[in-house]
Amino acid sequence: MNPALRILSPGLSLTVQDLGRFGARHLGVPPSGALDDYAHRVANWLVGNAAACATLEMTVSGPRIECLTEADIAVTGADMGLWLNGSSRRRWASLRVKPGDVLELGLAENGCRGYLALAGGIAVPEVMGSRSTCLGGGLGGLEGRGLASGDLLPAGPGQLLDAPRCLPWAPIYPQHHLLRAIAGPHDLLFSFSGGLDRFFGTTFSASPRSNRMGLRLSGPAVERNADASTGIVSEPVVPGNVQIPGDGQPILLLREQTIGGYACIATVLSADLWRVGQVKPGDTVRFVRVSLEAGQQLAAQWRGFLAATERLLAAG
Amino acid sequence: MGIRDDRPDIRLPAVRFRISGDRALIAVYGDEVDPAVNERVRRMAALIEASRHPAIEAVVPAYCTLAVHYDPGLINPAALGELLRDLEAHAIKAAVQPQATVEIPVCYGGEFGPDLATVATCNRLASDEVIRLHSQTVYRIYAIGFAPGFCYLGGLDPRIHTPRLATPRSRVPAGSVGIAGGQTGIYPLASPGGWQLIGRTPLALFDCGRTPPVPYRPGDALCFRPISADTFFRLAGESDR
């Protein structure tokens with residue numbers, strides 16, 4: 001397949017991601033996938049792709065990329081700017097590029113992760129049903145690793161758009177994030193100590209030690225019940241679980257782990273996980289408690305909003 | 001389908017459930033690392049998968065719990081809990097495969113197991129005795145996780161328990177077999193690590209191009225068979241092809 005993009009410089013961390021790899025969690029293969037799946041989906045819809053196509057996930061600082069074919073691209077997510085051959089272009093909109101064009105993104109001014117979609121999708125080989133890069137397992141993406149200068153990326157079959165597309169609104173990411181969460185699975189280990197109430201009343205700050213494995217938070221220690229041990233017999237974990245290790249500093253698990261050995265006090269709603277992808281070191285985070293029933297209603301509403309957004313963009 | 005077994009086992013403690021977000025339920029069959037509890041988890045994972053219920057997206061078993069990922073648009077957690085109880089009470093025997101035993105060839109000591117002597121010294125044993133004790137046990141794969149294909153094994157002989165390295169290695173080769181405290185395990189992929197390395201298997205334990213990508217499943221039995229360095233290189237050559 002002919003290459004469509006050449007990486008000139010990757011920025012801080014550049015990986016290929018799609019919606020994730022779901023068939024082998026029982027064998028220790030984590031989901032991986034775009035951390036802000038909302039921005040990822042919109043980028044794809046803007047160039048006429050299905051949401052499941054692979055995009056480039058850019059972290060904190062953006063890449064420089066040479067275009068090798070005529071195609072439509074779109075950049076969404078964190079505001080890293082967007083320059084085509086040195087002139088500024090609109091984000092959250094489709095952009096026609098020609099061979100020899102150079103795209104450049106800078107430091108994220110707002111948010112943490114940006115997404116670049118290409119018509120036809122980034123066509124690295126599918127591994128176990130997904131093109132997402134799992135850095136810990138060295139699989140998916142391009143040779144299971146982050147992208148580097150000189151890498152060539154192929155595009156899948158795609159068509160040029162009849163008319164340019166843009167999202168009529170662009171999310172502005174806050175520096176103080178409210179994340180709705182359901183108590184549990186191990187909330188009872190924190191209920192008598194007052195830890196559960198304190199957890200939902202505390203403003204935490206995001207640590208620079210965060211990565212795709214987990215968002216590490218710091219604040220007053222979340223205390224477990226006097227009779228609760230630090231570790232638990234390892235259990236399956238899901239994206240959004242908030243672990244409380246021995247030091248009481250929460251770790252919000254993202255998409256790179258399947259089993260964990262620490263008690264989880266709460267779980268962020270699936271409908272709010274995309275927001276977590278935009279939390280950058282130094283930002284503050286507070287968890288807002290919702291019931292399971294309310295959480296499932298909010299999740300259903302969010303899926304409805306995504307479907308409406310897709311229809312809007314497809315209509316042009 | 002197979003014959004239904006309608007006699008519920010009244011000796012089993014009732015399953016409990018924990019909520020893990022808006023799309024997953026954790027079924028809890030016990031609180032301890034126990035082969036009987038883990039066997040119940042293995043059976044349940046097989047029964048849930050065999051049910052092919054449209055609302056169930058995935059089942060992930062661990063030591064004494066399993067996660068059921070579900071579509072909340074199709075089922076609510078209370079109904080899902082009932083479904084799991086019902087699947088167990090009316091278990092379809094044919095849905096549960098017998099526990100498989102997987103044999104992993106290991107070349108112990110030398111360049112493949114640089115810490116074999118440390119494990120021997122720590123426990124006041126000869127190196128050969130460490131190999132004998134490590135390879136005569138049939139281990140249970142309680143869970144697979146932490147890394148793709150990494151198995152949590154139970155059953156290490158207390159006579160060869162050994163603390164982790166004080167300073168972890170920056171790179172442990174794929175296939176390395178190690179001991180950390182009361183645990184033994186195999187590194188399926190090259191990674192940093194602090195386990196005492198006593199040997200290495202020439203088998204590629206995780207190969208994402210292969211179906212299935214790992215040669216065992218949660219709940220299987222696993223044993224180690226000592227091999228010579230010559231056999232190691234021969235098997236490694238076959239594994240490459």
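In the text below, chain A, chain B and the rest are named by the order of the sequence lines, each starting its count at 1.
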Chemist: Under 6.0 Å between ring centres: does that hold for B:F146 and B:Y152?
Modeler: no
Chemist: For A:E223, does its backbone N or O pair with a side-chain atom of A:S193 as donor and acceptor, under 3.5 Å?
Modeler: yes
Chemist: Treating B:R164 as the side-chain partner and B:W195 as the backbone partner, does any N or O pair qualify as donor plus acceptor under 3.5 Å?
Modeler: no
Chemist: Report the option among B:V59, B:V60, B:T211 that has the most heavy-atom pairs separated by less than 4.5 Å from atoms of chain A.
Modeler: B:V60
Chemist: So, does A:H40 use its side chain to make a donor-acceptor pair with the main chain of A:A51 at under 3.5 Å?
Modeler: yes
Chemist: Between chain B and each of A:S270, A:C134, A:P30, A:G184, count heavy-atom pairs under 4.5 Å; write down the option with the most.
Modeler: A:S270
Chemist: Side chain of A:D18, backbone of A:S130: donor and acceptor closer than 3.5 Å?
Modeler: no
Chemist: Check the pair B:F150 / B:Y187 against ring pair (Phe, Tyr, Trp, His ring centres under 6.0 Å), numbers first and verdict last.
Modeler: CA-CA 6 Å; B:F150 179 85; B:Y187 287 85; 7.0 Å; no
Chemist: Kindly say whether B:G178 contributes a backbone atom to a donor-acceptor pair with the side chain of B:T184 at under 3.5 angstrom?
Modeler: yes
Chemist: Taking atom types as modelled, find out whether A:T55 and A:Q17 have a side-chain donor-acceptor pair closer than 3.5 angstrom.
Modeler: no
Chemist: Which of the residues A:R303, A:H186, A:M128, A:E235 is involved in the greatest number of heavy-atom pairs with chain B at under 4.5 angstrom?
Modeler: A:E235
Chemist: Of the backbone (N, CA, C, O) and the side chain (C-beta and beyond), which part of A:L27 lies under 4.5 Å from a heavy atom of chain B, both, or neither?
Modeler: both
Chemist: Suppose we call two aromatic rings close when their centres sit under 6.0 Å apart. Are A:F192 and A:F190 close by that rule?
Modeler: no
Chemist: If you check every heavy atom in residues 17-29 of chain B against those of chain A, which residues fall under 4.5 Å?
Modeler: B:R18, B:I19, B:S20, B:G21, B:D22, B:R23, B:A24, B:I26
Chemist: Can you tell which of B:G209, B:A143, B:P77, B:S191 has the highest number of heavy-atom pairs within less than 4.5 Å of chain A?
Modeler: B:P77
Chemist: Can you tell which of B:T101, B:T137, B:I104 makes a side chain to side chain contact (heavy atoms under 4.5 Å, CB included) with B:L222?
Modeler: B:I104
Chemist: With a 4.5 angstrom heavy-atom cut-off, is it the side chain or the backbone of B:N76 that approaches chain A, or both, or neither?
Modeler: neither
Chemist: Of all of B:G73, B:A147, B:P212, which one pairs up most often with chain A through heavy atoms under 4.5 Å apart?
Modeler: B:A147
Chemist: Quick check on B:Y216 against chain A: is it the side chain, the backbone, both or neither that has a heavy atom closer than 4.5 Å?
Modeler: backbone
Chemist: Against chain A, label B:Y63 side chain, backbone, both or neither, depending on which of its atoms sit under 4.5 Å from a heavy atom there.
Modeler: both
Chemist: Given a strict heavy-atom distance threshold of 4.5 Å, which part of B:P218 is in contact with chain A: side chain, backbone, both, or neither?
Modeler: side chain
Chemist: Side chain, backbone, both or neither: which part of A:A24 has a non-hydrogen atom closer than 4.5 Å to chain B?
Modeler: neither
Chemist: Identify the residue among A:N241, A:T267, A:L179 that makes a side chain to side chain contact (heavy atoms under 4.5 Å, CB included) with A:L252.
Modeler: A:L179
Chemist: Measuring heavy-atom distances to chain B, does A:Q257 have an atom under 4.5 Å in its side chain, in its backbone, in both, or in neither?
Modeler: neither
Chemist: Aromatic rings A:F305 and A:Y38: how do their planes relate, parallel, tilted or perpendicular, breaks at 30° and 60°?
Modeler: tilted
Chemist: Counting heavy-atom pairs closer than 4.5 Å to chain B, which one of A:A300, A:G240, A:S234 comes out on top?
Modeler: A:S234
Chemist: Test your reading of the model: is there a side-chain donor-acceptor pair from A:E256 to the backbone of A:G214, 3.5 Å cut-off?
Modeler: no
Chemist: Chain B heavy atoms under 4.5 Å from A:L269: which part of the residue, side chain, backbone, both or neither?
Modeler: both
